[in-house]
Student: 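Let me give you the structure first, and then I'll get to my questions.
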Amino acid sequence: MADEANPRHTPSGVPVAPLYRPADGVVDYPADLADPGAFPFTRGIQPSMYRGRLWTMRQYAGFGTAAETNARFKHLLAAGQTGLSVAFDLPTQMGIDSDAPRAAGEVGRVGVAIDTVDDLHRLLADIPLDKVSTSMTINATAATLLAMYVVVGEERGVPREKLSGTIQNDILKEYVARGTYVYPAAPSLQLIAETFRFCADSVPNWNPISISGYHMREAGATAVQELAFTFANALAYVDTAIAAGLKVDDFAPRLSFFFACHSDLFEEVSKFRAARRIWARLMRSRYGASDSSCRLRFHTQTGGVTLTAQQPLNNVVRVTIQALAATLGGTQSLHTNGYDEALALPTADAATLALRTQQIVAHESGITATPDPLAGSYFVESLTNELDRRTMQLMADVEAKGGSVKAIEAGFLQDEIARSAYDYQRGVESGANVVVGVNKHGDGQPVPIIAAPDYRALEADQVSRLRAARAGRDATLASAAIATLRAAAGDLGKPHSDFMGALIAAVRVRCTVGEISDTLESVFGRHRVS
C-alpha cells in the first residue's frame with residue numbers, strides 16, 4: 001500500500017486516499033446518480049449524451065475590429081467550429097464609446113470594439129443567424145448587446161424566434177472577480193430579470209444568462225469555491241426573477257452556466273458531476289421546479305490561468321487534458337484555449353489547433369461512445385460525493401451571511417478567493433505545486449514574443465467609423481429614443497414597463513453603447529467600491 005507519510009490532496013484540498021475500494025463512493029443509484037437524462041442528472045442531462053449529439057465547439061474570438069473578428073469567425077466555421085463566441089474590448093464591456101477619453105489606449109485590445117449596431121452587422125457579416133448560435137461574453141451592457149443582436153436579425157429578415165445564443169449577463173461575479181460593472185447591484189439585478197422576461201416572451205431560443213464560475217476560478221478560486229459561489233449567485237438571480245413576477249419554469253430552462261476546467265482530471269470530472277446533482281436538488285427543493293428547470297446546462301473553457309508563457313507548446317498538453325475532463329464531465333459546449341494565449345491574442349494556427357484538439361477528442365478518443373464513462377469508479381464517486389458535500393457546506397456559509405449579494409457586499413467571496421489564490425501561489429513558489437516549465441523542468445529559454453497589432457491605427461479607424469455613424473443618423477430620432485429609454489429605465493420592474501422595447505428602439509436608430517449606458521447610469525447610479 002502507498003506510504004501514508006506522503007499524503008495527497010486535490011487542488012481543492014480534498015484528501016486522496018492511497019487506495020479506493022467498493023465501499024468508497026457508495027451511493028444510492030436512483031437517488032444520487034440515476035441514468036443519464038434522469039433526475040438528479042449526475043450522469044448527464046440527456047439519455048444518450050454525445051452518442052446522440054456532440055457538444056458545441058465554440059471557440060472564443062475578438063480581434064480589435066468587427067471586420068477582423070468576422071474573418072476569424074469564418075476561418076473557424078470553415079474549420080468545423082459549430083458556434084460563435086465573442087470577446088468584447090473593455091470599453092464595450094464598460095459602456096464607453098471608443099472616442100471617449102476613458103477608452104483611449106483600450107479600444108480593441110482584449111476583444112472586438114462595438115459602438116453601434118452597424119459594428120455588430122460587420123461582426124456577423126455573411127453568417128447565417130438562423131443556423132449559428134452566438135455566445136457573447138458581456139455583462140453590464142448585456143441587455144444592449146442583446147438588443148443589437150435582435151436588431152441585426154430584424155434588419156436581415158431573421159425573426160426573433162430563429163435567433164439562438166447566450167449573453168453572459170452575470171453581474172454578481174463582476175463585483176467579485178472581474179470588475180467590469182457599471183451600475184449598483186439592485187438595478188443591475190432588475191435589468192437581468194427584465195432580460196429573462198424578454199427572452200421568455202420574444203426570443204425563446206436565447207439563453208438570457210450564463211452564470212459564471214470561470215472568472216472566479218481565474219481569480220484563484222478552488223473547484224469547490226467555483227461551484228458554491230456560482231450557485232449562490234444563481235439563486236440570487238432566480239429569486240430576483242421570481243420577485244419580479246416571473247414563474248420559475250418560464251425562465252429556468254434557459255438558464256446556462258459557465259465553468260472553468262483545470263488539469264486535475266479526476267477533480268474536474270467529479271466537479272461537473274457534483275454540479276449537476278447540486279443544481280437539480282436546489283431547484284426542486286427550493287422552487288419546486290420541473291425537471292426541465294433542474295437540468296444544469298453549461299459551457300466550459302479550459303483554464304486560461306493554467307497557461308504558461310514559458311515553453312508555450314506545453315499548453316497543448318494542458319488543454320488536451322482539460323478538454324478530456326470537460327467532456328468526460330458532460331459539458332454542453334466547450335472552448336479550448338490556444339497554446340499561445342499567455343503571450344497574446346491567439347494566432348490563427350494556435351486557434352485552429354485548439355479546435356482540432358476538440359475534434360480529435362470527439363472523433364478519436366472513444367469517450368463519446370457511452371454517457372458518463374467514469375461512473376462507478378470508486379475514486380470518482382467518492383470524490384463526487386465529497387465535492388458535493390463541501391460545496392453545500394460553503395453555500396450554507398454564504399446563506400448564513402444573508403445570501404450572495406450581502407456576502408459580496410461584506411467581501412466574503414472576495415476574501416475567500418484571495419486566500420485560495422495566495423495559498424496556490426505560495427505553493428508554486430515553494431515547489432509544492434509543480435508547473436512544468438516554470439518551477440520544474442525549465443529550460444532557461446526566453447519567453448517568446450508575438451508581435452502586437454497596431455492598436456493606435458485600429459483605434460483611429462474605429463473612432464472614425466463611430467463619428468461617421470453619429471453624423472449619418474437622424475439626430476432628432478436618436479434624442480427622442482434616449483429620452484424614451486430614460487423614462488423606461490425609471491419604470492424598470494413595474495408591470496407596465498417596456499424597457500427592452502425602448503432599448504431596441506434606441507439601438508435601431510443608431511444610439512451608441514456609450515450613450516445608452518450613460519442614460520441608464522443617470523437613472524440607476526454607478527456602483528462604488530466601499
Student: I need the single residue from Thr336, Thr320, Thr82 that forms a side-chain hydrogen bond (donor to acceptor under 3.5 Å, both in side chains) with Gln358. Which is it?
Tutor: Thr336

Student: What closest approach, in Å, do Arg276 and Thr42 show between heavy atoms, and which atom pair accounts for it?
Tutor: NH2-O, 2.9 Å

Student: Donor-acceptor pair, Gln225 side chain versus Thr222 backbone, under 3.5 Å?
Tutor: yes

Student: Is it true that a side-chain atom of Asn207 and a backbone atom of Ser256 form a donor plus acceptor pair closer than 3.5 Å?
Tutor: no

Student: Do the side chains of Glu416 and Arg419 get close enough for a salt bridge, i.e. N-O under 4.0 angstrom?
Tutor: yes

Student: For residues 442-456, run the donor-acceptor check on the side chains, cut-off 3.5 Å, and write out each pair with its distance to 0.1 Å, sequence neighbours left out.
Tutor:
residue: Asp443; atom: OD1; partner: Gln445; partner atom: N; Å: 3.0
residue: Asp454; atom: OD1; partner: Arg456; partner atom: N; Å: 3.3
residue: Asp454; atom: OD1; partner: Ala457; partner atom: N; Å: 3.2

Student: Centroid-to-centroid, Tyr237 to Phe196, below 6.0 Å?
Tutor: no

Student: Whether the Gln93 and Asn139 side chains hold a donor-acceptor pair (N or O, under 3.5 Å, no angle test) is what I'd like checked.
Tutor: no

Student: If the plane angle is over 60° it's perpendicular, under 30° parallel, otherwise tilted; pick one for Phe259 and Phe231.
Tutor: perpendicular

Student: Of the non-hydrogen atoms in Ile171 and Ser188, which two are nearest, and what is the gap between them?
Tutor: CG2-CB, 3.8 Å

Student: Under a 4.5 Å cut-off applied to non-hydrogen side-chain atoms, are Phe73 and Ile127 in contact?
Tutor: yes

Student: What distance do Leu145 atom CG and Ile167 atom CD1 have between them, rounded to the nearest 0.5 Å?
Tutor: 8.5 Å

Student: Counting only heavy atoms not in Arg526, do more than 12 sit closer than 6.0 Å to its CZ atom?
Tutor: yes

Student: Check whether the side chains of Thr512 and Asp115 place a donor and an acceptor atom closer than 3.5 Å, and report yes or no.
Tutor: no

Student: Can you tell me how far the CD1 atom of Ile211 sits from the OG1 atom of Thr230, to the nearest 0.5 Å?
Tutor: 8.5 Å

Student: For Asp397, give me all partners under side chain to side chain contact (heavy atoms under 4.5 Å, CB included), at least two apart in sequence or on another chain.
Tutor: Leu394, Phe412

Student: Consider only side-chain N and O atoms of Arg273 and Thr384, and report whether a donor and an acceptor are under 3.5 Å apart.
Tutor: yes

Student: When you look at Asp130 and Lys162, which way does the salt bridge (Lys or Arg N to Asp or Glu O under 4.0 Å) test go after all the steps?
Tutor: CA-CA 5 Å; Asp130 55 344; Lys162 293 288 185 68; 5.5 Å; no

Student: Hey, can you tell me if Tyr60 and His335 have their rings parallel, tilted or perpendicular (30° and 60° cut-offs)?
Tutor: perpendicular

Student: Work out which heavy atom in Ala185 is nearest to a heavy atom in Val405; give both atom names and the distance.
Tutor: CB-CG1, 4.4 Å

Student: Please answer whether the main-chain N or O of Gly303 pairs with a side-chain N or O of Thr306 as donor and acceptor at a distance below 3.5 Å.
Tutor: yes

Student: For the residue pair Tyr149 and Leu123, establish whether any side-chain heavy-atom pair is separated by less than 4.5 Å.
Tutor: no

Student: With sequence neighbours excluded, tell me which residues meet ring-ring contact (aromatic ring centres under 6.0 Å, His included) with His527.
Tutor: Tyr175, Tyr181

Student: Determine, using ring centers only, whether Trp206 and Phe198 are less than 6.0 Å apart.
Tutor: no

Student: Indicate the atoms forming the closest heavy-atom contact of Gln359 with Ala79, along with that distance.
Tutor: NE2-O, 2.9 Å

Student: Side chains of Glu174 and Thr180: do they bring a donor and an acceptor to under 3.5 Å?
Tutor: yes

Student: Taking the side chain as everything from C-beta on, heavy atoms only, tell me whether Glu155 gets closer than 4.5 Å to His121.
Tutor: yes

Student: Tell me, do Pro208 and Arg254 make a side-chain contact under 4.5 Å, heavy atoms counted?
Tutor: yes

Student: Is the ring centre of His299 less than 6.0 Å from the ring centre of Tyr214?
Tutor: no

Student: Does Asn315 reach the main-chain N or O of Tyr339 with its side chain, forming a donor-acceptor pair under 3.5 Å?
Tutor: yes

Student: Are the side chain of Arg58 and the backbone of Ser133 linked by a donor-acceptor contact shorter than 3.5 Å?
Tutor: yes

Student: Could you tell me whether Glu268 and Arg217 have a side-chain N and a carboxylate O separated by less than 4.0 Å?
Tutor: yes

Student: Between Asp340 and Thr347, does a side-chain hydrogen bond (donor to acceptor under 3.5 Å, both in side chains) hold up when you go through it step by step?
Tutor: CA-CA 7 Å; Asp340 55 5; Thr347 58; 2.8 Å; yes

Student: State whether a side-chain donor-acceptor pair under 3.5 Å links Gln332 with Thr56.
Tutor: no

Student: Establish, from distance only, whether the side-chain atoms of Ser98 and Glu459 form a donor-acceptor pair under 3.5 Å.
Tutor: no

Student: Ignoring hydrogens and geometry beyond distance, is a side-chain donor-acceptor pair present between Asp89 and Thr92 at under 3.5 Å?
Tutor: yes

Student: Would you check if there is a donor-acceptor pair between the side chains of Asn205 and Ser164 at a distance under 3.5 Å?
Tutor: no

Student: Charged N to carboxylate O under 4.0 angstrom, Glu218 versus Arg178?
Tutor: no

Student: Got a donor-acceptor contact below 3.5 angstrom from the Glu226 side chain to the Ala260 backbone?
Tutor: yes

Student: Can you sort out the partners of Arg72 under side chain to side chain donor-acceptor pair (under 3.5 Å), two or more places apart, ordered by chain and number?
Tutor: none

Student: Hey, are the side chains of Leu172 and Ile408 touching, using non-hydrogen atoms and a 4.5 Å cut-off?
Tutor: yes

Student: Arg51: which residues meet the side chain to side chain donor-acceptor pair (under 3.5 Å) condition with it, sequence neighbours left out?
Tutor: none

Student: Determine, using ring centers only, whether Phe379 and Phe266 are less than 6.0 Å apart.
Tutor: yes

Student: Verify the distance criterion only: is there a donor paired with an acceptor across the side chains of Glu267 and Ser12 at less than 3.5 Å?
Tutor: yes

Student: Do Asn439 and Glu429 meet the criterion of a side-chain donor-acceptor pair at a distance under 3.5 Å?
Tutor: no

Student: Would a 4.5 Å heavy-atom cut-off, applied to side chains only, mark Ile417 and Val176 as touching?
Tutor: yes

Student: Nearest 0.5 Å, please: how far is CD in Gln168 from OG in Ser135?
Tutor: 7.5 Å

Student: Side chains of Asn433 and Tyr424, heavy atoms from C-beta outward: is any pair under 4.5 Å?
Tutor: yes

Student: Hey, could you give me each pair passing salt bridge (charged side-chain N to carboxylate O under 4.0 Å, His left out) that has a residue in residues 73-85? Not counting sequence neighbours.
Tutor: Lys74-Asp126

Student: Does the side chain of Ser210 come within less than 4.5 Å of Asp170's, by heavy atoms?
Tutor: no

Student: Scan side-chain atoms only and decide if Thr65 and Arg122 contain a donor-acceptor pair under the 3.5 Å cut-off.
Tutor: no

Student: Is Asp461 reaching over with its side chain to a backbone N or O of Leu458, donor-acceptor style, under 3.5 angstrom?
Tutor: no

Student: Under a plain distance cut-off of 3.5 Å, with no hydrogens placed, do Asn337 and Arg318 share a side-chain donor-acceptor pair?
Tutor: no

Student: Using only atom types and a distance under 3.5 Å, with no angle test, would you say the side chain of Ser517 pairs donor to acceptor with the backbone of Val513?
Tutor: no

Student: Between Thr300 and Thr331, is any side-chain donor less than 3.5 angstrom from a side-chain acceptor?
Tutor: yes

Student: Do Phe257 and Trp279 make the cut of ring centroids closer than 6.0 angstrom?
Tutor: yes

